[in-house]
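The next block holds one structure in the form of structure tokens; read it before the comments.
Hydrogens, waters and symmetry mates are skipped; everything else that's a heavy atom, side chains included, is used.
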Amino acid sequence: MFTGIIETMGRVVRIETDRNNLIFYIEASIKKELKIDQSLAHNGVCLTVDGFEESLYRVTAIAESLQKTNLGKLKPGSLINLERCMPANGRFDGHIVQGHVDQTGKVSGIRETGGSWEIDFEYDPDQGHITVEKGSITINGVSLTCFNVAPGRFSVAIIPYTWEHTNFHQLKVGNTVNLEFDILGKYVQAMLLGGYRPK
């Protein structure tokens with residue numbers, strides 16, 4: 001389980017193809033603290049550390065992950081948001097994040113607002129996911145609060161610290177982001193709709 005509070009950014013150094021999978025070799029300040037089989041969220045996608053190479057660690061993304069996330073769009077040099085799973089004795093600073101991306105969305109607008117930023121996102125509402133005003137959402141692994149909510153769209157506000165210490169400062173209109181909707185909202189929706197599952 002994760003909280004959506006990003007620890008650091010990593011940089012993709014090399015990408016290899018293995019049949020339908022992509023293997024990412026990543027440089028990160030927390031590399032020395034990682035171990036094989038450890039879960040680590042990459043832009044909000046839970047991947048398992050499966051190897052090391054000098055200053056790099058390695059993770060593998062299978063076809064399912066590549067189809068439902070923006071990992072397939074990464075290139076050498078891409079910055080990715082990283083978060084290790086929450087320790088049992090840690091403070092819960094964000095919200096419950098599973099590292100299971102529900103769908104991707106698109107950046108539809110970015111505005112600088114006197115020291116902070118507002119970013120608009122669009123997503124396909126036909127997949128069954130919803131947002132609520134002042135509810136939680138995870139974008140590229142970052143726990144954020146929604147506003148200006150409407151079917152298939154919402155906005156978030158980004159403080160300077162988050163802007164500088166995540167890959168949000170590299171976002172441009174049209175970019176694809178990973179979205180994980182609030183797990184509590186998903187369960188409530190499923191119960192109200194009699195076990196409804198998104199398409």
F52 reachable from L47 in the ILVMFWY side-chain graph, under 4.5 Å edges: yes

E180 side chain to Q98 backbone, donor-acceptor under 3.5 Å: yes

Crowding at CZ, R153 (>12 non-hydrogen neighbours, <6.0 Å): no

Crowding at CG, N20 (>12 non-hydrogen neighbours, <6.0 Å): no

Note, I80 side chain near F24 side chain (heavy atom, < 4.5 Å): no

CD/E54: more than 12 non-hydrogen atoms of other groups inside 6.0 Å: no

Distance-only donor-acceptor check, side chains K68 and T104, under 3.5 Å: no

Linked, directly or transitively: I6 and L74 (ILVMFWY side chains, under 4.5 Å): no

side-chain contact (heavy atoms from CB on, under 4.5 Å) evaluation trace for V177 with V107: CA-CA 7 Å; V177 296; V107 178; 4.1 Å; yes

Pairing of E122 and K106 as salt bridge, 4.0 angstrom limit: no

K134 and F147, any side-chain heavy atoms less than 4.5 Å apart: yes

Same apolar cluster (I L V M F W Y, side chains within < 4.5 Å links), I26/I23: no

Q103 side, atom CD; L179 side, atom CG - distance, nearest 0.5 Å: 6.0 Å

Approximate separation, where rounding is to 0.5 Å, of T60 OG1 and E16 CD: 9.5 Å

Pairwise side-chain contact, T3 with E83, heavy-atom cut-off 4.5 Å (strictly under): yes

Contact check, side chains of T166 and N140, non-hydrogen atoms, under 4.5 Å: no

Exercise: identify the closest heavy-atom pair between V97 and G4: CG2-N, 3.8 Å

Closest contact, heavy atoms only, I137 versus C146: CG2-SG, 3.5 Å

Nearest-0.5 Å distance that lies between atom CD1 in I119 and atom CD in E112: 11.5 Å

Closest contact, heavy atoms only, L56 versus E27: CD2-CB, 3.7 Å

Working for ring-ring contact (aromatic ring centres under 6.0 Å, His included), residues F154 and F181: CA-CA 12 Å; F154 64 91; F181 295 84; 7.2 Å; no

Shared hydrophobic cluster for M86 and V101 (ILVMFWY, side-chain gaps under 4.5 Å): no

Closest non-hydrogen atom pair between A28 and Y57, with its separation: CB-CE2, 4.0 Å

Note, L22 side chain near L71 side chain (heavy atom, < 4.5 Å): no

Joint cluster assignment, V156 & I110, ILVMFWY side-chain distance < 4.5 Å: yes

Rounded distance (nearest 0.5 Å) linking atom NE2 of H42 with atom SG of C46: 9.0 Å

Greater than 12 external heavy atoms within 6.0 Å of D37's CG: no

F168 and L144, any side-chain heavy atoms less than 4.5 Å apart: yes

Pairwise side-chain contact, V149 with E133, heavy-atom cut-off 4.5 Å (strictly under): yes

Close side-chain approach of I30 to R84, heavy-atom, < 4.5 Å: yes

Gap separating the CD1 atom of I62 from the CG atom of D18, nearest 0.5 angstrom: 12.0 Å

side-chain contact (heavy atoms from CB on, under 4.5 Å) between I159 and S116, intermediate numbers included: CA-CA 5 Å; I159 64 172; S116 63; 5.7 Å; no

N167 versus N43, side-chain donor and acceptor atoms under 3.5 Å: yes

Spacing of CD1 belonging to I158 relative to CG belonging to L171, to within rounding of 0.5 Å: 8.5 Å

Distance-only polar pair, side chains of N70 and N175, donor-acceptor under 3.5 Å: no

Exercise: identify the closest heavy-atom pair between T8 and S29: OG1-OG, 3.3 Å

